[in-house]
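A short write-up of the structure that comes next.
None of these values were measured; they are calculated from a predicted model.
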Amino acid sequence: MEQSNPVVQKRNSSSSRYFNDDKADNDVEDEKMVEDENENKQKRNKKKDKFAGPAPINKEALKKYKRGEQNNVKHLIDKKHKRNLKNEEHKIKQAEEEAARAELLLTEEAGFLEADEGEETSKISQHELARNVDVTSAQKYFELKLDQFGPYRLDYTRNGRNLVIGGQKGHLASIDWVTKKLLFEINVMETIREVQWLHLETMLAVAQKKWLCIYDHQGTELHCVKTFNDVLRMEFLPYHFLLAATSSVGYLKYLDISVGKEISAYQTKCGRLNVMAQNPYNAIVHLGHSNGTVTMWSPNEKEPLVKMICHPTSVTSVAIDPKGLYMATSGQDRILKIFDVRTYKPLQAYKIGLGATELSFSQRGLLAAAVGNVVEIYKDCCTTAVERAYMTHRCTWPLSDLKFCPYEDVLGLTHSKGFSSLLIPGAGEPNFDSLEANPYHSKRQRQQWEVKALLEKIQPELISLDPGKIGQVDKITMQQKFKEKQEYLGFDKPHGFVPKHKLKGRSSAGNRQHRRQKVADELTRQKVKASTKQKERKKEHEFTYTSALDRFKRK
């Protein structure tokens with residue numbers, strides 16, 4: 001075998017070592033060049049970014065979605081509670097900003113009628129308006145001729161999709177008024193005084209001559225509540241699942257439809273109750289009476305929370321705006337008054353020809369008044385004095401009921417000869433919240449919403465004039481509490497022992513309690529010693545009677 005030369009092998013190994021070192025140097029230089037290029041790219045991108053940082057937020061939109069004042073956590077001692085409150089405040093602030101930014105995604109905008117110079121919007125007729133709008137909007141103007149069982153009462157569902165009408169002679173019908181599809185039509189063979197949808201379009205309440213009956217979406221009678229007799233008016237509180245009803249004998253009753261139980265019944269002692277409205281802000285029920293007063297009721301109080309003198313004559317109708325700020329009342333004195341619900345003071349007063357028999361507020365603040373066979377719609381009548389109506393419409397027969405359709409520019413009217421649907425531009429909210437009321441929900445979505453609403457049901461004990469007080473934090477400081485306690489007791493009560501904070505896990509709850517107990521035991525031991533010494537001193541100073549026979553006593 002041939003032997004390799006060791007000198008040649010050493011040279012080859014040394015040359016390969018030199019070659020590897022040069023390759024490593026080249027790799028390091030390449031890495032540095034890549035890093036420099038990345039840094040240059042980042043600098044270029046920074047220079048090109050014209051909208052650095054978070055997107056700006058419209059201040060007006062932020063005010064719109066503000067959820068009240070922030071809680072002051074500086075006075076809190078508990079660190080855990082302070083941290084939790086800070087996290088909640090951060091979440092609320094983030095939700096406000098996201099809601100304000102999401103306004104860019106809202107596709108629809110509200111609009112009102114604008115007349116040319118020398119013209120008035122109140123003189124534009126419904127036929128002229130229907131000819132100049134798109135086909136979809138024109139189909140919302142229609143009439144139903146029902147001249148056998150009137151006059152009628154009506155109600156829309158919360159999502160504005162379904163309509164129910166009830167005739168005084170027993171005719172009851174439910175309609176999907178958008179597609180003009182009849183859901184059911186029956187005759188209850190009894191007088192119908194009022195109709196009211198419940199939490200969904202699957203259930204509705206009908207005030208019949210004797211008792212209150214509950215029907216489903218197919219016209220099947222589900223329940224007959226015989227404790228609710230002679231019902232005249234009804235209002236449904238959606239977040240509390242309560243049905244409030246007034247009777248002809250002066251009773252105001254509340255029915256919990258989730259369990260089918262009557263929770264309260266009060267005698268108002270004000271006679272026949274045929275004027276009723278609810279405040280959507282705090283779920284307070286407003287009742288109008290024949291002596292010209294309006295009372296506000298809660299299911300927790302036997303007496304009215306507020307009693308206002310609104311008219312010198314009897315009250316014919318009451319309506320509350322969707323924000324719960326203004327109340328509109330009308331009386332037989334032919335005057336329409338606007339009140340501020342927060343201060344209970346009158347803001348505006350309008351003289352109406354024949355007096356308004358029915359009032360209704362839209363989601364955008366328009367006020368509709370039924371004056372005989374004429375309906376008048378007023379715009380911005382709560383904040384400013386209005387000289388003329390925004391729109392007017394004359395029917396052939398006297399009106400018996402009117403209501404605005406939610407999320408639609410539509411006003412529904414009923415009279416002795418049927419139902420009419422009018423176009424009122426700017427009446428409805430253009431963008432709906434699908435988690436609150438979705439007109440296009442499926443069956444599965446409806447079922448899920450119903451379960452969620454039942455889980456989030458608000459108890460009737462929380463209904464009050466100011467619902468914001470429930471979420472407020474008591475800001476009374478510890479010093480004020482201590483001063484009040486000192487004044488009540490008449491002396492300064494000594495403070496307990498507070499153990500010093502130690503590190504390395506020696507300030508756990510068990511160790512702190514053990515140290516407190518040791519100090520307490522030492523204090524009790526000292527008190528016992530002091531008391532025994534005091535007793536001994538008393539014995540020494542006590543006068544003892546001695547006699548000659550004491551020597552025979554047992555020791």
Sole candidate of [options] that passes side-chain hydrogen bond (donor to acceptor under 3.5 Å, both in side chains) when paired with [X]:
X: Glu201; options: Arg161, His441, Arg446; answer: His441
X: Tyr65; options: Glu98, Glu103, Arg101; answer: Glu103
X: Asp256; options: His240, Lys457, Gln459; answer: Lys457

Original post:
With a 6.0 Å cut-off on ring centres, are His127 and Tyr141 close enough?
Top reply: yes

Subject >> Output field: ring centroids Phe184/His217 closer than 6.0 Å >> reply: no

Do [X] and [Y] have side chains that get closer than 4.5 Å, going by heavy atoms?
X: Arg388; Y: Glu120; result: yes
X: Leu146; Y: His171; result: yes
X: Val410; Y: Leu422; result: no
X: Leu399; Y: Val374; result: no
X: Val285; Y: Leu287; result: yes
X: Leu62; Y: Lys64; result: no
X: Leu454; Y: Phe241; result: yes
X: Asn187; Y: Leu172; result: no

If the condition is side chain to side chain donor-acceptor pair (under 3.5 Å), which residues does [X] pass it with, not counting sequence neighbours?
X: Glu221; answer: none
X: Glu461; answer: none
X: Tyr344; answer: none
X: Glu190; answer: Gln208

Subject >> side chain to side chain donor-acceptor pair (under 3.5 Å) assessment of Glu450 paired with His199 >> reply: CA-CA 8 Å; Glu450 187 174 12; His199 61 292; 2.9 Å; yes

Nearest heavy atoms of [X] and [Y], plus distance in Å:
X: Thr121; Y: Met391; answer: O-CG, 4.3 Å
X: Phe361; Y: Pro322; answer: CB-CD, 4.2 Å
X: Tyr215; Y: Ile186; answer: CE2-CD1, 4.0 Å
X: Leu411; Y: Ala368; answer: CD2-CB, 4.1 Å
X: Asn282; Y: Ser464; answer: CB-O, 3.4 Å
X: Leu154; Y: Leu163; answer: CD1-CD1, 3.9 Å

Given 3.5 Å as the limit, does a donor-acceptor pair link the side chain of [X] with the main chain of [Y], or not?
X: Ser400; Y: Thr414; result: yes
X: Gln168; Y: Arg193; result: no
X: Ser434; Y: Asn438; result: no
X: Thr191; Y: Lys209; result: no
X: Ser416; Y: Pro151; result: no
X: Tyr156; Y: Val164; result: no
X: Gln126; Y: Leu423; result: yes
X: Thr268; Y: Gly250; result: yes
X: Thr316; Y: Ser330; result: yes
X: Asp409; Y: Gly428; result: yes

Taking [X] first and then [Y], would you say they form a salt bridge - that is, a charged N and a carboxylate O separated by under 4.0 Å?
X: Arg364; Y: Asp380; answer: no
X: Asp321; Y: Lys323; answer: no
X: Glu436; Y: Arg158; answer: yes
X: Glu96; Y: Arg67; answer: no

Original post:
Mind checking what makes ring pair (Phe, Tyr, Trp, His ring centres under 6.0 Å) contact with Trp197, not counting sequence neighbours?
Top reply: none

Original post:
What salt bridge (Lys or Arg N to Asp or Glu O under 4.0 Å) pairs are there with at least one residue in residues 130-156, not counting sequence neighbours?
Top reply: Lys140-Glu408, Arg153-Glu194, Arg153-Glu358, Arg153-Asp401, Asp155-Lys403

Honestly, is [X] close enough over [Y], meaning NZ or CZ under 6.0 Å from the six-membered ring centre and within 45° of the axis?
X: Lys253; Y: Phe228; result: yes
X: Lys379; Y: Phe112; result: yes
X: Lys180; Y: Phe142; result: yes

**OP:** Could you give me the CA-CA distance, side-chain angles and deciding distance for Thr396 and Lys417, then say whether side chain to side chain donor-acceptor pair (under 3.5 Å) is met?
**Re:** CA-CA 9 Å; Thr396 310; Lys417 300 297 181 180; over 6 Å; no

**OP:** Could you walk me through whether Glu376 and Thr392 pass side chain to side chain donor-acceptor pair (under 3.5 Å), step by step?
**Re:** CA-CA 5 Å; Glu376 297 179 354; Thr392 58; over 6 Å; no

Subject >> Audit row: Asn159, Thr157, side chain to side chain donor-acceptor pair (under 3.5 Å) steps and yes/no >> reply: CA-CA 5 Å; Asn159 58 10; Thr157 53; 2.7 Å; yes

Subject >> Straight-line distance of Met203 CE to Leu243 CG, nearest 0.5 Å >> reply: 9.5 Å

Original post:
Can you tell me if CD on Glu119 sees more than 12 non-hydrogen neighbours from other groups inside 6.0 Å?
Top reply: yes

**OP:** Dump the intermediate steps for side chain to side chain contact (heavy atoms under 4.5 Å, CB included) on Tyr251 and Asp230, then the final yes or no.
**Re:** CA-CA 10 Å; Tyr251 270 94; Asp230 299 326; over 6 Å; no

Subject >> Member of Val318, Ile309, Val306 meeting the side-chain contact (heavy atoms from CB on, under 4.5 Å) criterion with Val294 >> reply: Val318

**OP:** Begin from the C-alpha positions of Thr202 and Asp216 and carry the test side chain to side chain contact (heavy atoms under 4.5 Å, CB included) through to its verdict.
**Re:** CA-CA 5 Å; Thr202 56; Asp216 67 353; 5.9 Å; no

**OP:** Could you go through the salt bridge (Lys or Arg N to Asp or Glu O under 4.0 Å) check for Lys351 and Asp333 one step at a time?
**Re:** CA-CA 9 Å; Lys351 186 72 174 179; Asp333 55 354; over 6 Å; no

